[in-house]
Number of protein chains: 2
Amino acid sequence: MADRFGPDLLRGSLDLMVLSVLAKGPTYGYQLQQSLRDASREQVQAQAGTLYPLLHRLEADGLIQSRWEESTGRKRKWYELTAAGDRRLSSQAAEWDLYVDCIRSLLDPVRGRMPKPAV
Amino acid sequence: MADRFGPDLLRGSLDLMVLSVLAKGPTYGYQLQQSLRDASREQVQAQAGTLYPLLHRLEADGLIQSRWEESTGRKRKWYELTAAGDRRLSSQAAEWDLYVDCIRSLLDPVRGRMPKPAV
DNA sequence: ACGCTATACATAGAAAGGCGATACAGCAAG
DNA sequence: CTTGCTGTATCGCCTTTCTATGTATAGCGT
């Protein structure tokens with residue numbers, strides 16, 4: 001079993017994951033990275049070189065907004081969802097569900113060939 | 001709702017889809033394209049410029065093997081899974097399940113925020 | 001016979017995003 | 001003071017999908 005998901009799997013759903021985490025409340029880059037790592041039991045280890053450009057892109061698209069905060073001890077850049085980001089999250093989640101269904105319908109007959117461990 | 005999945009969603013799972021179709025029996029490029037389109041209710045429309053290089057890559061990796069066949073009327077290049085391809089399919093499917101689970105655990109709390117249409 | 005469409009395989013170049021490497025700075029512990 | 005974690009950031013590389021294009025044949029209507 002891979003101890004980590006590859007770049008290609010992440011692609012296309014990493015936005016969705018980040019928006020999901022942001023939906024639970026404001027956070028900053030480093031904490032977001034830890035959240036993803038923890039929530040996935042170490043399987044999603046998005047790199048800083050991935051995360052920061054992604055956050056900048058989401059912000060440029062108006063899906064999140066940021067502000068620098070120093071009162072919390074260290075200088076951090078906090079991000080939070082905008083209304084547009086919230087709508088995007090909903091539509092991305094819906095599209096994701098459709099997509100997963102689509103793959104499952106292709107995969108289910110294949111699974112029949114092998115001993116299926118009960119989940 | 002998008003009438004077609006974007007490149008980023010496909011990425012990383014298109015291999016899996018192709019291997020899944022191949023698992024049901026030998027096929028050739030054009031037919032594979034139709035199979036994907038049909039099985040996904042028009043949502044996966046992988047282009048020829050995507051599919052053929054992908055097939056060449058899978059063959060170079062020893063996951064599938066090909067032979068030209070003319071007796072079936074038109075000249076076609078038939079592909080079939082190798083033993084290695086079969087093993088790869090199993091592991092990719094397992095990884096996919098893990099991945100989907102991982103996203104779901106991030107998405108479920110978010111879904112609570114909005115009226116969820118029963119599927 | 002001719003043109004049109006669908007079938008069938010293939011390659012080239014562009015676009016996009018994740019990755020590793022690297023950088024820099026603050027702070028804490030030894 | 002040196003090591004290590006925290007925290008943000010950028011750069012070039014790599015991979016994969018896309019569009020556009022090229023080639024060729026079969027079948028059909030006119």
Side-chain angles (χ1 to χ4, degrees), chain A residues 2-19 26-38 40 43-61 63-64 66-79 92 99, chain B residues 2-19 26-38 40 43-61 63-79 92 99 103:
Chain A
D3 67 329
R4 213 184 79 157
F5 298 126
D8 293 331
L9 265 187
L10 264 348
R11 199 149 173 168
S13 47
L14 195 49
D15 283 24
L16 176 60
M17 285 193 257
V18 168
L19 291 175
T27 188
Y28 53 94
Y30 189 83
Q31 193 179 55
L32 175 61
Q33 188 179 31
Q34 306 303 314
S35 295
L36 287 173
R37 195 177 54 74
D38 295 346
S40 68
Q43 285 174 108
V44 174
Q45 298 183 20
Q47 302 305 305
T50 298
L51 238 31
Y52 290 108
L54 186 156
L55 287 167
H56 300 159
R57 179 165 49 80
L58 292 179
E59 187 172 22
D61 290 347
L63 303 177
I64 62 179
S66 70
R67 65 173 192 286
W68 284 97
E69 189 70 56
E70 292 198 61
S71 58
T72 27
R74 210 176 269 259
K75 211 175 87 171
R76 296 181 180 113
K77 199 172 178 180
W78 289 80
Y79 290 94
Q92 293 255 102
Y99 188 58
Chain B
D3 67 330
R4 204 176 73 123
F5 297 128
D8 292 334
L9 266 187
L10 264 349
R11 200 148 176 159
S13 46
L14 194 49
D15 283 24
L16 176 60
M17 285 192 257
V18 168
L19 292 176
T27 188
Y28 54 93
Y30 190 83
Q31 193 180 55
L32 174 62
Q33 188 181 30
Q34 305 304 314
S35 295
L36 287 174
R37 196 178 52 73
D38 294 346
S40 67
Q43 285 174 109
V44 173
Q45 298 184 21
Q47 303 305 305
T50 299
L51 238 30
Y52 290 108
L54 186 156
L55 287 168
H56 300 160
R57 179 166 49 83
L58 291 180
E59 188 173 22
D61 291 347
L63 304 176
I64 62 180
Q65 58 188 3
S66 69
R67 67 173 189 286
W68 285 97
E69 189 71 54
E70 293 197 61
S71 58
T72 28
R74 208 177 269 265
K75 213 176 82 169
R76 296 182 180 115
K77 199 171 177 181
W78 289 81
Y79 289 94
Q92 293 253 103
Y99 187 59
I103 307 254

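Naming convention: chains lettered A, B, ... in sequence-line order (proteins, then strands); numbering from 1 in each chain.
- To the nearest 0.5 Å, atoms CD (B/Gln65) and CG (B/Leu58) are separated by 12.5 Å.
- Among the atoms of the strands shown, base atoms are found under 4.0 Å from some heavy atom of B/Gln47.
- Rounded to whole angstrom, the span from the CD atom of B/Gln33 across to the P atom of D/dC18 amounts to 11 Å.
- Side-chain proximity of A/Tyr79 to the nucleotides D/dA9, C/dC9, C/dG18 is greatest for D/dA9.
- In this structure, B/Phe5 atom CZ and D/dC18 atom C1' are separated by 17 Å, rounded to whole Å.
- Contact of the B/Gln43 side chain with the B/Arg4 side chain is not registered, since no non-hydrogen atoms from C-beta on lie closer than 4.5 Å.
- Here the side chains of A/Arg76 and A/Trp78 are in contact, with some heavy-atom distance below 4.5 Å.
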Would you tabulate the pairs of protein nitrogen or oxygen atoms and nucleotide nitrogen or oxygen atoms of nucleotides 21-23 of chain C closer than 3.5 angstrom?
none

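- Closest-nucleotide positions on DNA chain D for B/Asp8 and A/Tyr52 were compared, and the one nearer the 5' end corresponds to A/Tyr52.
- Looking at heavy atoms from C-beta onward, A/Glu59 lies in side-chain contact with A/Tyr79 at the 4.5 angstrom threshold.
- Side-chain proximity of A/Leu10 to the nucleotides C/dC19, D/dC18, C/dA8 is greatest for C/dC19.
- Between A/Arg4 and C/dC19 there is a side-chain N or O to OP1 or OP2 distance below 4.0 Å.
- A side-chain donor-acceptor contact under 3.5 Å links B/Ser13 and A/Tyr99.
- Every salt bridge (Lys or Arg N to Asp or Glu O under 4.0 Å) that A/Glu69 has, sequence neighbours left out, goes to A/Arg67.
- Following rounding to the nearest Å, B/Glu59 (CD) and C/dA10 (C1') show an atom-to-atom distance of 14 Å.
- Looking at the side chain of B/His56, the nearest of the listed nucleotides D/dT10, C/dT11, C/dT7 is C/dT11.
- Between A/Leu36 and A/Met17, the closest side-chain pair of non-hydrogen atoms falls below 4.5 Å.
- With rounding to whole Å, B/Leu58 atom CG is found 15 Å from D/dT15 atom P.
- Toward the 5′ end of DNA chain C lies the nearest nucleotide of B/Lys77, the other residue of the pair B/Lys77 and B/Arg11 mapping further downstream.
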Seminar exercise, completed: Per-nucleotide protein contact along nucleotides 25-30 of chain C, 5' to 3', at a 4.0 Å heavy-atom cut-off (B base, S sugar-phosphate only, - neither), is -BS---

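- By the 4.5 Å heavy-atom criterion applied to side chains, B/Leu55 and B/Lys77 are not counted as neighbours.
- A/Arg57 places a side-chain heavy atom less than 4.5 Å from the side chain of A/Asp15.
- The distance between atom CG of A/Leu51 and atom C1' of D/dC11, rounded to the nearest whole Å, is 17 Å.
- The interatomic distance linking B/Leu54 (CG) with D/dT17 (C1') rounds to 10 Å, in whole Å.
- Residue B/Trp68 is classed as a sugar-phosphate contact, given heavy-atom separations below 4.0 Å to backbone atoms only.
- Contact between the side-chain N/O atoms of A/Tyr28 and the OP1/OP2 oxygens of D/dG7 is found at a separation under 4.0 Å.
- Between B/Tyr28 and B/Trp68, the closest side-chain pair of non-hydrogen atoms is not below 4.5 Å.
- Here the C1' atom of nucleotide D/dG7 and the CD atom of A/Glu70 are 13 Å apart, to the nearest Å.
- In this entry the distance linking CZ of A/Arg76 with P of D/dC5 reads 17 Å, nearest Å.
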